[in-house]
Protein chains: 2
Amino acid sequence: MASSTEGNTRPVRLADIAKAAGVSHGTASNVFSRPEIVREEVRERVKAAAEAMGYAGPDPKGRLLRAGKVNAIGVATTEPLSYFFEDPFARTMMAGISEACDATGAGIALVSAGNEEKLAWNIQSALVDGFILFCIEGGLRLVELTRERKLPFVALELGFDDDTVSAIGVDNVAGARLAAHHLAKLGHRRFAVLSLPFADDRTGPVSPEQVRTAVYPGTRDRLVGYFEALSRFGIDTAGIPVYETENDEASTRAGLETIFASAEPPTAILAMSDRIAMVAIEWLAARGIAVPGDVSVIGFDGVPDAALCNPPLTTIAQPIAEIGRRAARTILDFDGTVRRETLGVELVVRASSGSPPKTA
Amino acid sequence: MASSTEGNTRPVRLADIAKAAGVSHGTASNVFSRPEIVREEVRERVKAAAEAMGYAGPDPKGRLLRAGKVNAIGVATTEPLSYFFEDPFARTMMAGISEACDATGAGIALVSAGNEEKLAWNIQSALVDGFILFCIEGGLRLVELTRERKLPFVALELGFDDDTVSAIGVDNVAGARLAAHHLAKLGHRRFAVLSLPFADDRTGPVSPEQVRTAVYPGTRDRLVGYFEALSRFGIDTAGIPVYETENDEASTRAGLETIFASAEPPTAILAMSDRIAMVAIEWLAARGIAVPGDVSVIGFDGVPDAALCNPPLTTIAQPIAEIGRRAARTILDFDGTVRRETLGVELVVRASSGSPPKTA
DNA sequence: GGCTAAAATTGGATCGATTCAAAAATACAC
DNA sequence: GTGTATTTTTGAATCGATCCAATTTTAGCC
């Protein structure tokens, strides 16, 4: 109905209005991209023609090819797209990325896909100037896929061992050491670890052998840090149960069931993420186990929610938003070099950790 | 250093490897887009040439121009980009949009900008097949800007009066009626309204005159709903203080200060968003005013956080994620028609509302 | 009016691919 | 060995703009 929404046939190109206005396509182009260099009378004539023919303005598809730059950065993950809006860690990271993008006026393109094949296609065809990779599960594959594009990219979080890829993350060993040291110093001697995945698609108790061959360096480093600190307190780390979760509710609960089925349950839980820690706190509360009265819990990440849960979570805080900002800048100001940054972490003591019970 | 990251000179085009492999560019193109139709021997030769020359695969920029479809939908707002990841309402909406996009393999491009001019440019140059508009402040302008692109788009939330634009939202009048009715039925007689903006860049107490000329229909409708329901209880709506906030902490607090400075403060607060309501609850708690003992608070939206605050918030729940899903589908399955949908809302009674105090 | 400098306009080349009708190569049958 | 059917390959046309060197117009001045 309305003259503006024909919706059917619509091949109005710049060349069409150029012809209609009786000027060359060069001039027509200038009317839109550098209006100041075309004579007013001509400019108005072209604009009028554009208006009359329902021209939508220069099509960015055409401009893109010539210009080369998209002015958007892609953020990719193997998780579903909703991960970006639901996971607290991802959200905080995205807020940091957003900030850097806002500052330069760049856009953000979210890339993800259900299956491998679609993911590959989506990465190959994403219209972006570079990628930030959320290397959760399948991070290695994600890096490989992205490398094919030969665009700048930076891996987040899991410090990739591969020195040829740019990465920004934290010192996981140091952070984990801080966490374990905090609890050991409070007097704890019986620990359990609720871990992030060591490799793709695994879950369950972990043997030392499996730890050694861990695919995800971040997970491995955190465990190394825990054990290093505990060893210094004379604790036999070989006896500490390590349960691998998928950083979700179901697998964490399963881990807790296993761990607390033991004859000598732990008085302290080292959780490799705040999400795991918060599920643990909830599970313990539901079982009538006091936190930190009976069991202390420490998380890892320092997501905003951790301060709000009950009791507030003691955790190792990463500068999440800052990592995001730096990642975005790495792409935005790409200079052709590999950039690997390790940021510091911080122990944030809240109410979920305390001395072990006297009876224990 | 690494052969893959030269980063400097890199104009390897499909045509280059075609020449190197001694085939036409048509055949070279087929090797990547329809490998099954080219003879194996040739296919391998071309692939080898591509590998040798460090070809990154067909550049999507080139393909795009020919193909026409981007396979991504743009989500635009006048707020900063971080809004998508920080605001609970936006997040829930985005989760719904994500779901629909995941299902069809489409990507999401986030569009925003600090100032008007940049926003216009970003919308004009966004590489997307259509837009979903978060019409918060400046929604009208956003719609105008987007209309220029002549791509399918749908406005969210604020039921646009303009019947020529597709929109998905809820029945604000009905929802507000539900809210006011709930509180009035509990016995409340002294109300205050903490409102969303009525027009761009405003804040402060609102006169009836201003309400009538409200620019944002959503805000207006909610107020109409409140007043309608209260009138039925014989309450003089003209005496109800309406304070316009910007849906943020500062302006909401300012509103509360004003409202509770009155000689006869309200026993019930009608907040037009959960965010406002949650700030109000916090503010009241800090002043030692019991919720719902002294003052009842009801929100609007039904964001997930509302169930977790203390006390849990009574609110009017919109099917936020469903709105998002439908909006995305409207773009993805665009058929050239204007689509306007109004979804139902639901009163969710939690602990923030109760009978007014006896003394009042 | 004639001349020069400055401003505006032109139109071909380019960005990097895909498409498709026509031509060439190969396979098969007799 | 020839003719037909089938599979491959070719190369010009197209997608929609921007850029820029060359050309044409206009402006300014004597």
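Here is how names work: the chains are called A, B, and so on, in the same order as the sequence lines, proteins then strands, and each is numbered from 1. Fair warning: this is a prediction, and the values are worked out from it, not measured in the lab.
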Practice task
Please check if the distance between the ring centroids of B/F89 and B/F134 is under 6.0 Å.
Solution key: no

Exercise for the section: Give the rounded distance in Å between these two atoms: CD of B/E36 and C1' of D/dT6. Expected result: 16 Å

Problem - A/E36 atom CD, neighbour heavy-atom count above 12 within 6.0 Å - result: yes

Handout entry: Electrostatic pair A/R141:A/E116 at N-O distance under 4.0 angstrom
Key = yes

Would you list the protein and nucleotides 19-27 of chain D atom pairs, both N or O, that sit under 3.5 Å from each other?
residue: D/dC19; atom: O4'; partner: A/R66; partner atom: NH1; Å: 2.8

Handout entry: Contact boundaries on DNA chain C for chain A, cut-off under 4.0 Å to non-hydrogen atoms
Key = C/dA8 to C/dG16

Handout entry: Ring centers of B/F85, A/F84 separated by less than 6.0 Å
Key = no

Fill in the blank from the handout: Nearest heavy-atom contact between A/L14 and A/A28 is CD1-CB, 3.7 Å

Exercise for the section: Looking at every strand, decide which applies to B/Y55 at a 4.0 Å heavy-atom threshold: base, sugar-phosphate, or nothing. Expected result: sugar-phosphate

Handout entry: Between D/dC15 (P) and B/L127 (CG): distance, integer Å
Key = 19 Å

Practice task
Starting from C1' on D/dT8, measure out to CD on B/E44 and report it in whole angstrom.
Solution key: 16 Å

Problem - Integer-rounded Å distance: D/dG11 P and B/K19 NZ - result: 13 Å

Exercise for the section: Would you sort out whether B/R329 and B/T104 count as a side-chain hydrogen bond (donor to acceptor under 3.5 Å, both in side chains), showing the intermediate values? Expected result: CA-CA 10 Å; B/R329 283 211 211 94; B/T104 66; over 6 Å; no

Problem - salt_bridge(A/D16, A/R13) N-O dist < 4.0 Å - result: yes

Practice task
Starting from the 5' end of DNA chain D, give me the residue, B/S24 or B/G62, whose nearest nucleotide shows up first.
Solution key: B/S24

Fill in the blank from the handout: B/L65 CG to D/dC15 C1', in whole Å, measures 4 Å

Handout entry: Note: B/R147-B/E144 ion pair, threshold 4.0 Å (strictly below)
Key = no

Exercise for the section: Would you mind reading off the distance between A/K69 atom NZ and D/dA17 atom C1', rounded to a whole angstrom? Expected result: 19 Å

Exercise for the section: Report, as yes or no, whether the 6.0 Å neighbourhood of atom CD on A/E148 holds more than 12 heavy atoms from other residues, nucleotides or ligands. Expected result: no

